[in-house]
Chemist: 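Take a look at the following structure, please.
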Amino acid sequence: MTSEQITNTGSVSGDCGSAQARARTHVQAYVQTQARQNGSAKDGSATNGPARNDSAKDGPSGRKHGLQRCHAMLCPASRHALLPWLTSIIGVASALCLVIAWFPSTVWNTPIVSSDAPAHYYFIHRLLDEGLGAALHLWPHDSFYPPLFHVCAYLVIKIAALFGVQCSIYAAFNITWIIASGVIFPAGMLVLCRYFLRRWNRGNPISNPISRISQASSTPESSSVSESSNISNQQVSSAVNRQYNVTSDATFVLRNLIGLFVPVLAVSSVCHPYGLLNAGPLIAFGFAMSLLPFLIAATLRLFDAIAAREHIAKWLAIAAVAGVVCLVAHPRIAFTYALILVPFIVLRLPWKLILGAFIAMCVGAVAFVALMLTSFKSDRWANPDSWFHSHQPSKNLWESISFCLTDGLDGFPAILFALLLIAGTVAAFVCASRRAAARASDSFSSAASTVVPVASADVDVDASTSDIAVSAADSPVSVSCPPPASHSNATDAASASSESSRLRRNDRLRDVIALTAAFLLVALVYVCTVTLVGALPNIISAPWYRDENRIMTMLPLVTLPLLVIGINALAECVSVCAASASFAPSASSFSTKNSASSVPSLSSASAVSSVKNASFASNWIVLIAVFLVIAILAVSAQIVCPSRSAARDTIIAHSSLNQSDPNEQLTEQKIAVLRKVTERTGTQATIISDPLNGSMYAETLFNANMLYPIINARTDVPSAPFGKVETAFASGDAQQVLGTVCPLTDAPEYFLTMGDQAQSLQSFPYRAQYDSFHNEELIDAYVDGGTLVKVADYSQYGQGWALYRFGCAD
């Protein structure tokens, strides 16, 4: 071996018991013997003059050897650059296909009939009428609502128009939801999970029995060895290099196989995105949730930059842009973001930044409380136990905990997911703890030696670079061109001391603890929401409106990263133990031979055989096993999915017009009436009706001008005309009614009755404010007094259904 190949051993990752310890001891003995041999060889060669050493080191053969090693990197480089992109595209495309296959086909032509759906359709309709300038005041009373989803749907319609395609509001709504749920969310989860995988595997081949062999600086004792010893040692080096290549390839393939299935698993659970489309639908919040993984990943990269004291401005700008985008999608996403990031802030930032972050959170909490107190008037603010008084627990304690552990999956996939999550978390803790202990020992040794310090695992390495050139901190033989080996002893000592302090920071252990803590926080909020009652659960879950659908969307953000690093840790533990067990007999035989020989030399045949056996058994078999386990989980989650099927069936039922109850929001009869009404009034006249009878859908179905085409018409906003009309109509005073209604527009004003409020909206807390709009006695009184004039009777569709015109002088 040349002086550039003199190496120093470190600890073996993982917990493999006595077999691993013996392997480590034998490898250390081997490297120390090699170092002594090379030192003796140099002393001998010095008597023959320096010319031979210089020619061996700097001659054509030496340069050729260096060029060959650098050229060998080019083939893996292309593979390492293309494979992540290929697996990412396949994974996200598979997730998109699953989302499209699940999506109910009935909602392409008819709206989703639910509580929040009319508002989202109306917001898109308003953008089409008024342009992008309406994005900052989408509500009918011109207040702000997060517009990003609706702006995207608006752009879909405009882009389709450029190609001569007429895209309806419902189609644009659905396309935007599918892109967000089938592309943006799985891609974001892939970015987030690969971030943790890269940190876990950075410079750490999963089953390398020689955990760290780093380059050493040249010493005065280093020189060339005898010809026969050189040949033997080069064969050993080649064998170890082959073992490293197999190990590195297995690690790389494993990371990409896990990444291949992350997008599929991200859209396998009912937690997100399917639950939010069924609940409301909560479109704006769901869109923000789909974007949130990118913001979390950007923030964690910012933490890395702060720790490394480089590229801080770059990642700060990226995180800021991602944060603004998420806030424009839905500001309430900030609570989910803060909840998940709190453990990472505590474990990875300097104390001054930790203090600043918590001060910012406190300021935000105070601002949120102030906003709630000023926006929503209530006499229950001082009594948290009375908050959400209509809320009822939906699960018992065991059901809520198991839901969190299974990520909302069903049946066999749920059991397999929970087992992998628990076992992987335990394995990750074991591996990370062992690595922390080994690094503490190695950093102490490196500080006391003159060996050139290895690269810190805490240094932020670009993803593409770290895949190709593995950090010297854990590579058996450096795969990059060797740097100059001339370093002064003083510089080495200073570098070793600095490196020792950096090595005390264990990224693995911090990530495992932070992810576990984030999972426990999310589980706590979920349990408080769906199981517990009282003041404390109300306070904890209040930022999410104590709504199960909003809270369970957080589960994939913490369970999937914890699952993938857990599976990686399980594979590493099994692989390292198998490799150590296979490598130990060869190392023991080598140690025995060298104890009786002054010129140690390892049989190349036995070395290659041992390395190949260890590599195959401990890498590729484990790789195949991991692939099968994840594939079974991903495939079975698509076969056994009653929760997702139930959500789809509910949406289909909500979009069906064949309703047994004639008072439901939309029926075939109501569609026919709304069409006739619009044909009679035109699209400019104002139509007033009880929004809970389904009349608000006429705005987007037939372009009618409904006064308030959404359900939640706030009466406490001075600029809200609907609130004024509702109050005047309930008064029974004809003059007040006409004085309020007639000035609304220059066009005629109409009043539409279509029966009682829909049963599906009886949970709406403010439904009583619309009772006057279906009070038959009050309506008859207005008709008798001339305030209302019947212009069309639709009693053949439903009792009391009719269209009236207000008696304004226009």
Chemist: Distance check, rounded to the nearest 0.5 Å: H311 atom NE2 versus D304 atom CG?
Modeler: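 Reported value, rounded in 0.5 Å steps: 11.5 Å.
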Chemist: Decide whether T176 and H150 meet the rule of one side-chain donor and one side-chain acceptor closer than 3.5 Å.
Modeler: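 Judged by distance alone, the side chains do not pair up.
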Chemist: Which residues pass the ring pair (Phe, Tyr, Trp, His ring centres under 6.0 Å) test with F412, sequence neighbours left out?
Modeler: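 Partners of F412 by the ring pair (Phe, Tyr, Trp, His ring centres under 6.0 Å) criterion come out as none, since no residue qualifies.
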Chemist: Run the salt-bridge test on D507 and R348 with the 4.0 Å N-O cut-off and return the result as yes or no.
Modeler: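 A salt bridge is absent here (no side-chain N lies under 4.0 Å from a carboxylate O).
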Chemist: Given F285, which partner from the list T336, D116, D547 fulfils the side chain to side chain contact (heavy atoms under 4.5 Å, CB included) test?
Modeler: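 Of T336, D116, D547, side chain to side chain contact (heavy atoms under 4.5 Å, CB included) with F285 is met by T336 alone.
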Chemist: Applying ring pair (Phe, Tyr, Trp, His ring centres under 6.0 Å), can you list everything that pairs with Y274, at least two apart in sequence or on another chain?
Modeler: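 Y274: ring pair (Phe, Tyr, Trp, His ring centres under 6.0 Å) contacts with W102.
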Chemist: Would you confirm whether T531, through its side chain, and C528, through its main-chain N or O, come within 3.5 Å as a donor-acceptor pair?
Modeler: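 Not confirmed, T531 side chain does not pair with C528 backbone.
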Chemist: Can you measure from CD1 (I112) to CD1 (I283) and round to the nearest 0.5 angstrom?
Modeler: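 Between atom CD1 of I112 and atom CD1 of I283 there are 6.5 Å.
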Chemist: Do the side chains of E572 and R508 get close enough for a salt bridge, i.e. N-O under 4.0 angstrom?
Modeler: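 Salt bridge present between E572 and R508.
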Chemist: Is there any ring-ring contact (aromatic ring centres under 6.0 Å, His included) pair reaching into residues 525-571, and which pairs are they, with sequence neighbours excluded?
Modeler: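 Qualifying pairs: F403-Y526.
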Chemist: Mind checking the OH-NE2 spacing from Y145 to H120? Nearest 0.5 Å is all I need.
Modeler: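 Y145 atom OH to H120 atom NE2 measures 4.0 Å (nearest 0.5 Å).
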Chemist: Can you tell me how far apart CH2 (W200) and CD1 (I258) are? Round to the nearest 0.5 Å.
Modeler: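 Between W200 CH2 and I258 CD1, I get 11.0 Å after rounding to 0.5 Å.
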Chemist: Quick check: do L562 and V558 have side-chain heavy atoms less than 4.5 Å from each other?
Modeler: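 Not touching, per the 4.5 Å side-chain cut-off.
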Chemist: I need the single residue from L560, T406, L405, D407 that forms a side chain to side chain contact (heavy atoms under 4.5 Å, CB included) with L555. Which is it?
Modeler: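 Of the listed residues L560, T406, L405, D407, the side chain to side chain contact (heavy atoms under 4.5 Å, CB included) partner of L555 is D407.
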